[in-house]
There are 2 protein chains.
Amino acid sequence: MNPNTLEEIARLSGVSRSTVSRVINDHPNVRPEVRARVQRIVQQVGYHPHAAARSLVTKRTQVIGLLIPQAVTRIFTDPFFPHLIRGIASTCNARGCHLMLSLFTSSTDQDSLYRQVLRSGYLDGVVVASTTLDDPLIPRMIEDGIHMVCVGRYPDDRVSYVDSDNVRGSRMAVEHLLRLGHRRIATVTGPLSMVPGHDRLEGYRQALEARGLPVDESLIAEGDFSEEGSQAVMQRLLATGPTAVFAASDPTAIGVMKALKAAGRRIPDDVAVVGFDDLPIASIVEPALTTVRQPIEQLGATATDLLLKLIEGEVQEPQHVILPTQLVIRASCGS
Amino acid sequence: MNPNTLEEIARLSGVSRSTVSRVINDHPNVRPEVRARVQRIVQQVGYHPHAAARSLVTKRTQVIGLLIPQAVTRIFTDPFFPHLIRGIASTCNARGCHLMLSLFTSSTDQDSLYRQVLRSGYLDGVVVASTTLDDPLIPRMIEDGIHMVCVGRYPDDRVSYVDSDNVRGSRMAVEHLLRLGHRRIATVTGPLSMVPGHDRLEGYRQALEARGLPVDESLIAEGDFSEEGSQAVMQRLLATGPTAVFAASDPTAIGVMKALKAAGRRIPDDVAVVGFDDLPIASIVEPALTTVRQPIEQLGATATDLLLKLIEGEVQEPQHVILPTQLVIRASCGS
DNA sequence: TTGTAAGCGTTATCAT
DNA sequence: ATGATAACGCTTACAA
């Protein structure tokens, strides 16, 4: 497939292996004339350096991993991930590195997969997405000194992360509902073991408390970020008679809307709905969804950039980046 | 990160490097007692062989690529890809290999990316998805002798592929509509430069011709597999007064349904709709979508299996696998 | 059954 | 500015 070696190019261009290496790596100290000759040959035979040989000595692979622990069904349902991947992949392309996808599905031997992926030198570092607080992977990676950046806040100062401002975003959403006069505001949360699930509920609480309103726990129900799951959860929540619902993600909001419609409630006349994400679908559903926009692709791109800096040693200390969120008002809240 | 070497394990267990290598690779001809001792040390220090060093000599990386040429927006919208990825990733996990994601976005320097990814020895082979007929990548890969399997039929006998039975599936769909008495059956196709787009239209044609019915070209409109695009296309098609529409994918069908609803047509009373894919969303939309089920995950899994066999040399000749499709009847066709 | 030694294709150090 | 040469960590004959 790629039978050419440095040695061969050297022979063909009548110089030594080292000179060819210098040309390939754009080192100075090569006579322009020689450089040109070598480059021509390289071009001609379509030579490309062998990655493994190279990384054996440089200790760099130019490959980063996207690690998704506990890869559950959600990944293949929630458009969040495709958007995230796009952000990561385009940054990789731009920076000349490559992306390895590691889904730690529950069935796989976690320990063996961990060693294969993280201890074999395959990867220069990893972007970790969709972690739960109790995931044993992160502590292990910290201990092993693996370069990593989490997408989503992680409550350990040693780990770098990039996150949306979930608390502020959801607080804005609920404040908007309050401003519209709603007092019985229910919320279908994400999994509370996941940071965004937790944080978006926190924003909900803060909005109420800032107004001096009590938090009625019966209006809070834990969902799983999915459409189906949230629909079922909302169905049970109907009995509490909310006039508005804050859904912790757009798929959640869709599920909520389905449950409401199935129960004959009109949106927003009977019940207002606000989501979180601003996925393309938010502006397509009927009625169009008021939601909190988080910059998913940018999350991926920023995480990747940061990871690359960490790897290069451009920054040493763990970094924590929070990207702003923004309320996008559409029809579903009736304002 | 992984400072251990074979040499070190050898020293620690009082044997030679080669013996450790034999233990690691499960070679026979190692005294059980010695094997056990070495394994204990390996376990203790958490040793894992260095991938690059290993592949430098074996010429295998245990990494396969998922190559998506012309990676357009669709990839991040159409649930087809997440499902495909799931099939590929779980097979990779099961077979101890890893997955590299290569999106050839239009902005990237195709040639440079090609060499980096395909000629650097990074990959043992690739699964190629979503190709167009005129993509220059495939011929180049054939020429370079790269192990590959296409997801989706490719009209060159030298390339292996795995595909759903698109022609048969869409033919069944249209035959079903004919059986229900429809005679003005429109179709919103996929991009006709893509094989599945082409094949699903072919099935439509065959169904009509088998009944001796003329194919009215004004009832055929080219879409792009997307919801938004198809909605616009359907809007224009309304004027032709179809009583049924065959949509070439589920997202297409959703777009079609939206256009119909927006025009005040009832489904299925005024117009029947049939889709293609059977994504989870098909059973969620209102009315539930009659559609042709194609086994997307299995497509990915089969392609990966085949690729691995090709790499191992277990099979030499290009293989062509067609997986069966199946009509799933729900409410949207009113039967 | 075990050890010795020769590569694999690079980069990097040191002379020249 | 260029060329030997020694690593990098592993597998694999071949020898013992």
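To find a chain, count down the sequence lines: A is the first, B the second, and so on, and within it residues start at 1.
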- Item | Distance in angstrom units between Glu7(A) CD and dG7(C) P, rounded | 13 Å

- Item | Proximal nucleotide (of dT11(C), dA6(C), dG9(D)) relative to the Arg17(B) side chain | dA6(C)

- Nearest to side-chain heavy atoms of Val57(A), which nucleotide of dC8(D), dG7(C), dT1(C): dC8(D)

- Mind checking whether Asp124(A) and Val63(A) have side chains closer than 4.5 Å, heavy atoms only? no

- Query: When the nearest nucleotide of DNA chain C is assigned to Lys59(B) and to Gly14(B) on a heavy-atom basis, which residue is associated with the more 5' position?
  - Reply: Gly14(B)

- Message: Let me confirm one number: the OG-CD distance from Ser13(A) to Gln44(A), rounded to the nearest 0.5 Å.
- Response: 10.0 Å

- Note on the structure: Here the distance between atom C1' of dT5(D) and atom CG of Leu6(A), to the nearest Å, is 14 Å

- Message: Base, sugar-phosphate or nothing for Ser21(B)? Non-hydrogen atoms, less than 4.0 Å.
- Response: base

- Query: Choosing from dT11(D), dG3(C), dG3(D), which nucleotide comes nearest the side chain of Ser16(A)?
  - Reply: dG3(D)

- Inter-residue atom distance Thr19(B).OG1 - Ile9(B).CD1, 0.5 Å rounding: 13.0 Å

- Message: Nearest to the His50(A) side chain among dG9(C), dT11(C), dA13(D), which nucleotide is it?
- Response: dG9(C)

- Task: With rounding to the nearest 0.5 Å, note down the distance linking CZ in Arg37(A) to CG in Leu12(A).
- Result: 11.0 Å

- With sugar-phosphate meaning primed atoms plus P, OP1 and OP2, does Ser18(B) contact a base, only sugar-phosphate, or nothing at under 4.0 Å between heavy atoms? base

- Message: Any heavy-atom pair between the side chains of Val38(B) and Arg35(B) that's under 4.5 Å?
- Response: no

- Item | For atom CZ of Arg37(A) and atom P of dA1(D), their distance in whole Å | 15 Å

- Task: Starting from C1' on dA13(D), measure out to CZ on Arg22(B) and report it in whole angstrom.
- Result: 10 Å

- Whole-Å distance, Arg11(B) CZ to dG9(D) P, equals 14 Å

- Query: Side chain of Leu56(B): nearest nucleotide among dT11(C), dG3(D), dG9(D)?
  - Reply: dG9(D)

- Message: Nearest whole Å is fine: how far is dT11(C) P from Ile24(A) CD1?
- Response: 8 Å

- From the candidates dT10(C), dC10(D), dG3(D), the one with an atom nearest any side-chain atom of Thr5(A) is dT10(C)

- Message: Does dA1(D) have OP1 or OP2 under 4.0 Å away from a side-chain N or O of Arg31(A)?
- Response: no

- How long is the line joining CZ of Arg60(A) and P of dA12(C), in whole Å? 11 Å

- Task: Using a 4.5 Å cut-off on heavy atoms from C-beta on, say whether the side chain of Val23(A) contacts that of Gln39(A).
- Result: yes

- Task: Could you say whether Pro28(B) or Asn25(A) is positioned toward the 5' end of DNA chain C, judged by the nucleotide with the nearest heavy atom to each?
- Result: Pro28(B)

- Item | Protein-nucleotide distance (Asn29(B), atom CG; dT12(D), atom C1'), rounded to Å | 14 Å

- Taking for each residue the nucleotide of DNA chain D bearing the nearest heavy atom, is the 5' side occupied by His27(B) or by Ala53(B)? Ala53(B)

- Item | Phosphate-side-chain proximity, Tyr47(A) and dG9(C), N/O vs OP1/OP2 below 4.0 Å | no

